[in-house]
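To start, the structure itself, in structure tokens.
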2 protein chains.
Amino acid sequence: MKEQKPAPSTTERYIGIGELARESGCKPETVRYYEQIGLLPSAPRNEGNQRRYTTAAIRRLTFIRHARDFGFSVEAVRELLEMADHPAMPCQEVDTLAKHHLAEVEARLARLTAVRDELKRMINQCAGGSVGQCHIIDVLSDHRLCHQVEPHGGADVIG
Amino acid sequence: MKEQKPAPSTTERYIGIGELARESGCKPETVRYYEQIGLLPSAPRNEGNQRRYTTAAIRRLTFIRHARDFGFSVEAVRELLEMADHPAMPCQEVDTLAKHHLAEVEARLARLTAVRDELKRMINQCAGGSVGQCHIIDVLSDHRLCHQVEPHGGADVIG
DNA sequence: GTAATACCTATAGTTACTAGAGGTTCAAGT
DNA sequence: ACTTGAACCTCTAGTAACTATAGGTATTAC
């Protein structure tokens, strides 16, 4: 991750998992989880077995958090980290990964837009009577009344 | 669900779980799962303990599948079914549920659009050199380089 | 010294299914 | 009637990416 070689100072500051979490915008549980699945290296421990971190960890975790915010899967983040750890590599792979992800995001966007439009249509046509005449229920009951929304498969990330 | 009273014919046709699944666009496992969580009533069994369905089940399952395609959660679908089962009710609740869902969809859409734009920006600025100068890695490393994407919380449905 | 807070591990729960093991039943062909 | 293959059955575990809980230890502030 473009590590600056840690200045071998005698006053290196160590922080606990709570502060690390606050600094990088996630929860301590998540930090431990990332360590467990190997996104973060096992942190060194103090006397009392508590994890101590340096600013390098803040940077790495921020990177992870940020990539996740973009909707990259954990496995994709793992690859991105691997690449970021090797600055001399050509960035073609990074580019490919990003483009692939962009394509997925655009597909989701298209689907979600269709859903939104159809939801709006449904809601606009609701006459406010009884469920028996409800257009929303009608549309859900009968696919022929629906214009755009296609069946799909699994769930996916990003809110 | 706006049931037509089933004509008490002596020639009522029963189908198996496989055909039901095909007719309504999901898999047998999913049908059993929906029965298990109570979205579908327990189906009557034949001599050999296999589930037998009528066309009513096809309609109900299609409704479920369709609502899921719209991104309604299973719990929301449960409520929608409950309402659809009572045609005399005012459809205000249905309307509220749909509007609430629309709002969520629009929020997701906004987020996803921001992600797409930022991904595009990232990709366009990639000079194709080494990872060391890669803008994509830079943006992921440093939130200040990123314009729009906000941290978020959990995962969500719809591809 | 003590009390509040932060930390530890390990396990289970979340959503909406999907996949697999290991066995039974059905429908068709011979 | 017999056999084969597809469809069906139940039960359990696995998926993604965490989150929550229980039950205990360490650190810090007063």
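First the proteins, then the strands, lettered A, B, ... as listed; each starts at 1.
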Heavy atom of residues 31-47 of chain A under 4.0 Å from DNA chain D: which residues?
-> Y33(A), Y34(A), N46(A)
Results of side-chain hydrogen bond (donor to acceptor under 3.5 Å, both in side chains) for E19(B) - residues two or more places apart only | R13(B)
Distance in angstrom units between Y14(A) OH and dC7(C) C1', rounded | 19 Å
Which residues pass the salt bridge (Lys or Arg N to Asp or Glu O under 4.0 Å) test with E106(B), sequence neighbours left out?
-> K120(A)
Does a side-chain N or O from R78(A) land closer than 4.0 Å to OP1 or OP2 of dA16(D), or not?
-> no
Measure from the side chain of K27(A), starting at C-beta and using heavy atoms only, and say which of dC17(C), dA17(D), dA20(D) lies closest.
-> dA20(D)
Can you tell me how far NZ of K27(B) sits from CD1 of I17(B), rounded to the nearest 0.5 angstrom?
-> 13.5 Å
Whichever of Q50(A) and R22(B) has its nearest DNA chain D nucleotide further upstream toward 5' = R22(B)
Would you indicate which nucleotide in dA17(D), dC8(C), dT18(C) comes nearest to any side-chain atom of T30(B)?
-> dT18(C)
Pick the nucleotide of DNA chain D nearest each of R52(A) and E75(A); which residue has the one closer to the 5' end?
-> E75(A)
To the nearest angstrom, the CG-C1' distance between L20(B) and dC8(D) comes to 14 Å
Can you pull every protein N or O that's under 3.5 Å from an N or O on nucleotides 12-14 of chain C?
none

Side-chain N,O (R51(B)) to OP1/OP2 (dC9(D)) below 4.0 Å | yes
Separation of atom CG in D69(B) from atom P in dA16(C), rounded to whole Å | 14 Å
Does H101(A) reach the main-chain N or O of A76(A) with its side chain, forming a donor-acceptor pair under 3.5 Å?
-> no
More than 12 non-hydrogen atoms from neighbouring residues, nucleotides or ligands closer than 6.0 Å to CD on E93(A), yes or no?
-> no
Side chains of R60(B) and L81(B) in contact at under 4.5 Å (non-hydrogen atoms) = yes
Note: D117(B)-R121(B) ion pair, threshold 4.0 Å (strictly below) | no
By side-chain hydrogen bond (donor to acceptor under 3.5 Å, both in side chains) - contacts of K99(A) (at least two apart) = D95(A)
Please state how far atom CG in N49(B) lies from atom P in dC9(D), giving the value in whole angstrom units.
-> 7 Å
Taking atom C1' of dC17(C) as reference, at what distance in whole Å does atom CG of L61(B) sit?
-> 14 Å
Contacts of type side-chain hydrogen bond (donor to acceptor under 3.5 Å, both in side chains), residue R78(B), not counting sequence neighbours | E75(B)
Distance in angstrom units between E29(B) CD and dT10(D) P, rounded = 13 Å
Hey, are S130(A) and Q133(A) close enough side-chain-wise for a donor-acceptor pair under 3.5 Å?
-> yes
State which of dC8(C), dC8(D), dA16(C) makes the closest approach to the side chain of V74(B).
-> dA16(C)
I64(B) atom CD1 is separated from dA16(C) atom P, nearest whole Å, by 13 Å
For the side chain of S73(A), counting heavy atoms from C-beta on, which of dC26(C), dA17(D), dT19(D) is nearest?
-> dA17(D)
